[in-house]
Protein chains: 2
Amino acid sequence: MNTQLEAALAVSTVIFALRPDPEAGLSTLWLPLVRRTREPYLGQWALPGGGLPADEELAGAAARALRETTGLTPKYLEQLYTFGDPARSPGGRVVSVVYWALVESGEAALAVEDENVRWFPADHLPPLAFDHNRIVEYALWRLRTKVEYSRIAHAFLGEIFTLAQLRAVHEAVLQKALDPANFRRTIESSGTVVDTGQRVAGVPHRPPRLYRYNDSVHATAPGALEPAIG
Amino acid sequence: MNTQLEAALAVSTVIFALRPDPEAGLSTLWLPLVRRTREPYLGQWALPGGGLPADEELAGAAARALRETTGLTPKYLEQLYTFGDPARSPGGRVVSVVYWALVESGEAALAVEDENVRWFPADHLPPLAFDHNRIVEYALWRLRTKVEYSRIAHAFLGEIFTLAQLRAVHEAVLQKALDPANFRRTIESSGTVVDTGQRVAGVPHRPPRLYRYNDSVHATAPGALEPAIG
DNA sequence: GCAAAAGTGTTTAAACTACACCCATGC
DNA sequence: GCATGGGTGTAGTTTAAACACTTTTGC
């Protein structure tokens, strides 16, 4: 074994899902963490991830980390940032390419959870290994910023959804109430959703329309650089 | 020497400066490229960069690449994206953490230029090594997007400047004319500049005020994550 | 005075916000 | 009928764009 001059390369993923919060009445953001099984930070919670296999895409490694820890498939996946401070890992330098992902809420309820994988409320995390608290904070900022001008909120929902459900996603992410009337107009004029013609039946009030995501609207970075999924 | 299973790690920098274009009357965006001195892509132009020294910060390596190729110091430096497609480098996998930088226009005129370092107009590049054309395209998109909502245009100017100079920067980057009256109001109300009380003398018209950059206004990502400089 | 750019004022349209009010269903 | 959330209408406010007009300098 030769001395390691170069930094090791790792890929990690910040995975967000909406879950009903036992404290608050509404849904809030949760994320799965894995327990470290070796030093440094043995026993502490950390972001899912690992080394980069020789022939795997960065985004592929991020999606795999997600699948292997939670059993879920991301509906949205985008590169967040690359962290490379020489002192961020006590055991030797590690450069981490970090992705962030959104998974569907319904599916997230089925996620694997055991001794070494647990979900935590994103805004109340324990002290994590490495600089992972800071990474999650940055991912949260990106998510909240992007929800306001992008259409990523759909990633938390299924194929079809009501505008009330979409609004609930925005409200949970942004942690503030939104005017239903204005929200409807904003979304409808953005052209990001399409009326399916279907309605929800059996509700004790006027049956809401069901909408579908409109994938023909894009307007992001050139060359389809971002996102990897979504 | 053992077989290389892991990907090699590199840091590259897209460096922007404004230079008067001989074709057009106005200034346009230029960037320095270096000639490859070995395979693959021997002799072709590429982004400045190199491997990551064991104890150097990512942003530090990016700034060093800039200094070593151009002799300049960046006034703005921010991480762009990490490119890691397994097939992007013919000679073996390379994961590149790419930064983008802005240098002051006045200083950029003094930049080193020789057989192996040359400046090119950012919108008319020759075919570059690796996926560097795509990287520059993405960097240009980020620059143009960010100029509209951020205050990075100052990085192209000196300590003090007139609003006409600042407007010229915006116009050169965005490639469109801006209304002087509305530009003034937008900038003044944003609080990003401060009147120095000084004026430019000797001009054959009403002497313009000189402004200074206001560093007390920030409002970006949490934890001072971005930018590294600026 | 004239040319030229600095700087101010005004008008219009578009976008956002708040909130009143009607609609359609289950019970 | 009543409660509840779906959905529409509208007035007030803010923001942005277009452009006329005044100011201050050198020559």
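Note on naming: letters A, B, ... go to the chains in the order of the sequence lines (proteins, then strands), and numbering restarts at 1 for each one.
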Neighbour count above 12 (heavy atom, 6.0 Å) for B:Arg212 CZ: no

Consider only side-chain N and O atoms of B:Thr196 and B:Arg209, and report whether a donor and an acceptor are under 3.5 Å apart. no

Between P on D:dA16 and OH on B:Tyr149, what's the gap in Å once rounded to a whole number? 16 Å

In whole angstroms, the gap separating P of D:dG6 from OH of A:Tyr211 amounts to 11 Å

Could you state the atom-to-atom distance from CD1 of A:Ile187 to C1' of C:dA15 in whole Å? 15 Å

Looking at the rings of A:Trp100 and A:Tyr138, which for Trp means the six-membered one, are their centres under 6.0 Å apart? no

Check A:Gly191 against A:Asn214 and note the closest heavy-atom contact, atom names and distance. O-ND2, 2.8 Å

Rounded to the nearest angstrom, tell me the gap between atom CG in B:Leu178 and atom P in C:dA5. 16 Å

With the side chain of A:Ala181 defined as its heavy atoms from C-beta on, choose the nearest nucleotide among D:dG9, C:dA18, C:dG7. D:dG9

Look only at the side chain of B:Ser105 and the backbone of B:Phe156, and say whether a donor-acceptor pair between them is shorter than 3.5 Å. yes

In whole Å, I'd like the distance from the CZ atom of B:Phe183 to the P atom of C:dT8. 15 Å

What's the closest nucleotide to the A:Arg185 side chain, out of D:dG9, D:dA18, D:dG6? D:dG9

Do A:Tyr211 and A:Phe161 have their ring centres less than 6.0 Å from each other? no

Salt bridge or not for A:Glu78 and A:Arg142, using N-O below 4.0 Å? yes

Taking A:Ala155's backbone N and O only, do any of them form a donor-acceptor pair with A:Glu104's side chain (distance below 3.5 Å, no angle check)? no

Within residues 156-172 of chain A, which residues have any heavy atom lying less than 4.0 Å from an atom of DNA chain C? none

Taking the nucleotide of DNA chain C with the closest heavy atom to each, which residue, A:Asp179 or B:Pro208, is nearer the 5' end? B:Pro208

Quick check on DNA chain D: between A:Arg184 and B:Asn182, whose nearest nucleotide comes earlier from the 5' end? A:Arg184

Show the atom names and distances, to 0.1 Å, of all donor-acceptor pairs under 3.5 Å that link a side chain in residues 172-182 of chain B to residues at least two apart or in another chain.
residue: B:Gln175; atom: OE1; partner: B:Arg144; partner atom: NH2; Å: 3.3
residue: B:Gln175; atom: NE2; partner: B:Asp123; partner atom: OD2; Å: 3.3
residue: B:Asp179; atom: OD1; partner: B:Ala181; partner atom: N; Å: 2.7
residue: B:Asp179; atom: OD1; partner: B:Asn182; partner atom: N; Å: 3.1
residue: B:Asn182; atom: OD1; partner: B:Arg185; partner atom: NH2; Å: 2.9

In residues 189-207 of chain B, what residues come within less than 4.0 Å of DNA chain D, judged by heavy atoms? B:Val203, B:Pro204, B:His205, B:Arg206, B:Pro207

